[in-house]
Each structure stands twice: as structure tokens, then as C-alpha cells.
Amino acid sequence: MSKAAARIRVAAIEAFAARGYGATSTRDIAASLDLSPGAVYPHYKTKESLLFAISLEGHTDALAAVEAADHDTTSALDRLVATVTAYVTWHARNRDLARVVQYELHSLTEEHFDEIAVLRRSTSRVFKRIINDGNDSGEFDTIDIEAATLAIGSLCVDVSRWFPSQAYSDADVLALRYVELAVRIVGGGR
């Protein structure tokens with residue numbers, strides 16, 4: 001990616017996170033960089049293609065953070081702790097990017113949405129595999145694996161909507177609390 005394309009993406013992330021995709025024009029993005037509106041088009045042919053590039057980057061990075069945290073040589077509990085911590089802290093530390101990629105999906109074309117959905121399902125599969133392994137080993141006693149997977153993913157994703165707050169402004173502290181919740185969701189003891 002060129003420096004200009006990277007600058008455009010950063011400006012778009014800030015604008016989409018602050019005002020929403022629908023309320024932001026490519027003219028707004030270009031103006032924030034002191035560029036003419038035409039300067040965006042050599043890099044991104046449409047506003048939606050810019051959103052897709054941002055979504056692809058964000059979902060790929062979030063999945064990579066979760067996969068890097070999952071060491072299948074450790075207990076399911078340790079794996080859950082590590083992956084939830086990684087997912088929460090990624091969303092907190094990248095809150096503008098995360099807010100855009102998690103909450104502007106409806107603005108993608110069907111083809112682009114389908115591509116992003118593959119990444120989202122891959123992230124969910126990491127959590128589901130850990131929960132399954134924990135149930136198999138007796139570490140967890142999960143009532144409903146699908147619901148637990150959805151709940152844990154939803155908790156982590158939602159961090160980007162509100163972080164920081166008066167109660168939580170430290171991503172690591174928040175991750176500790178969310179780990180406690182995730183362990184309870186899967187019926188694990190700590």
C-alpha cells in the first residue's frame with residue numbers, strides 16, 4: 001500500500017468512526033487531508049472499496065491476534081484466557097478501526113460482505129474449538145457451545161463501541177474482567 005493510500009485509510013477510519021460511513025463522503029475524507037476529492041480515486045475507486053479495504057485489514061488483524069494467542073499445547077482454560085485477552089485488547093487499542101469494521105458491515109456490497117464473513121467465522125471457530133476442547137477435557141461445562149461462542153465474541157466486539165469509559169480506561173484491566181465473564185459463560189472454574 002502506498003503512503004497516500006495509507007493516509008487515506010487512516011483519515012477514513014477516523015471519519016467513519018466519528019460520523020458513520022453513511023454520513024461521510026469521500027470529499028470529507030479528502031478535505032481532512034487537504035486533498036482534492038479526485039485524489040482519493042486513484043487509490044480507492046469508490047467509498048465502498050475503501051470501507052472494504054479497511055474491513056479486510058481490521059478483520060485480518062483481529063483474527064491474527066486471536067490465532068497468535070491460541071496455543072493448543074496449553075489447557076483450554078489458558079487458551080480461553082489468552083484469546084479473550086487478545087480479542088478484547090485488540091478492540092480496545094484499535095477502537096476506531098474496530099468500530100468501523102464491526103459496525104459498518106451493512107454498507108459493504110454482498111460480495112465484499114461475504115469475504116469479510118469468512119474472516120469473522122474463522123475468528124468464531126477459534127473460540128468454538130477452545131470451548132469444545134474444554135468441554136471434552138472436563139475443564140468447561142458449557143450449556144450451549146454455539147450460544148457461548150456468540151456471547152464471547154459479542155462481548156469482545158462491543159468493546160469498540162464504548163471503550164474507554166469512566167469505569168474502564170485500561171485495556172488490560174478490562175480484559176481481565178472479560179476473561180472472568182467468558183470463563184463463567186463456558187462453565188469453567190478459576
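These numbers come from the heavy atoms of this one structure, side chains and all, not from hydrogens, waters or symmetry mates.
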Charged N to carboxylate O below 4.0 Å: is that the case for Arg177 and Asp170? no

State, to 0.1 Å, how close Ala98 and His91 come at their nearest heavy-atom pair, and which atoms those are. CB-CD2, 3.5 Å

Which distance, rounded to the nearest 0.5 Å, do you find between the CH2 of Trp90 and the OG1 of Thr83? 15.5 Å

Does Glu104 pair with Arg99 as a salt bridge, N-O distance under 4.0 Å? no

Would the distance check show the side chain of Tyr21 and the main-chain N or O of Glu48 forming a donor-acceptor pair, the cut-off being under 3.5 Å? yes

Interatomic distance, CZ@Arg9 vs OH@Tyr44, rounded to 0.5 Å, equals 4.0 Å

Leu176 and Val183: same hydrophobic cluster, using ILVMFWY side-chain contacts below 4.5 Å? no

Same apolar cluster: Ile29 and Tyr41, side chain cutoff 4.5 Å: no

Say whether, by atom type as modelled, one donor and one acceptor occur between the side chain of Lys128 and the main chain of Thr123 under 3.5 angstrom. no

Side chain Asp28, main chain Ser25, donor-acceptor under 3.5 Å: yes

With the side chain counted from C-beta on, respond yes when Arg19 and Glu14 share a heavy-atom pair under 4.5 Å apart, and no when they do not. no

What is the ring orientation for Phe52 with His112, classed by angle as parallel under 30°, tilted 30 to 60°, or perpendicular over 60°? parallel

Ile54 to Val101 - nearest heavy-atom pair and separation: O-CG1, 3.4 Å

Looking at Ile130 and Ala76, what are the two nearest heavy atoms and their distance? CG2-O, 3.5 Å

Do you know the tightest heavy-atom contact between Cys156 and Val88? SG-CG2, 3.6 Å

Is a side-chain N or O of Thr60 found less than 3.5 angstrom from the main chain of Glu57, in a donor-acceptor match? no

Hey, is the main chain of Val157 close enough, under 3.5 Å, to the side chain of Gln102 for a donor-acceptor pair? no

Any donor-acceptor N/O pair, Thr142 side chain to Val186 backbone, under 3.5 Å: yes

Residue list, side chain to side chain contact (heavy atoms under 4.5 Å, CB included) with Thr73, at least two apart or on another chain: His71

Are Asp72 and Arg79 close enough for a salt bridge, meaning some N to O gap below 4.0 Å? no

Quick one: do Leu150 and Val179 end up in the same hydrophobic cluster if we chain Ile, Leu, Val, Met, Phe, Trp and Tyr together by side-chain heavy atoms under 4.5 Å apart? no

Return the CG to OG distance between Leu119 and Ser124, rounded to the nearest 0.5 Å. 11.0 Å

Got a donor-acceptor contact below 3.5 angstrom from the Ser169 side chain to the Ser165 backbone? no

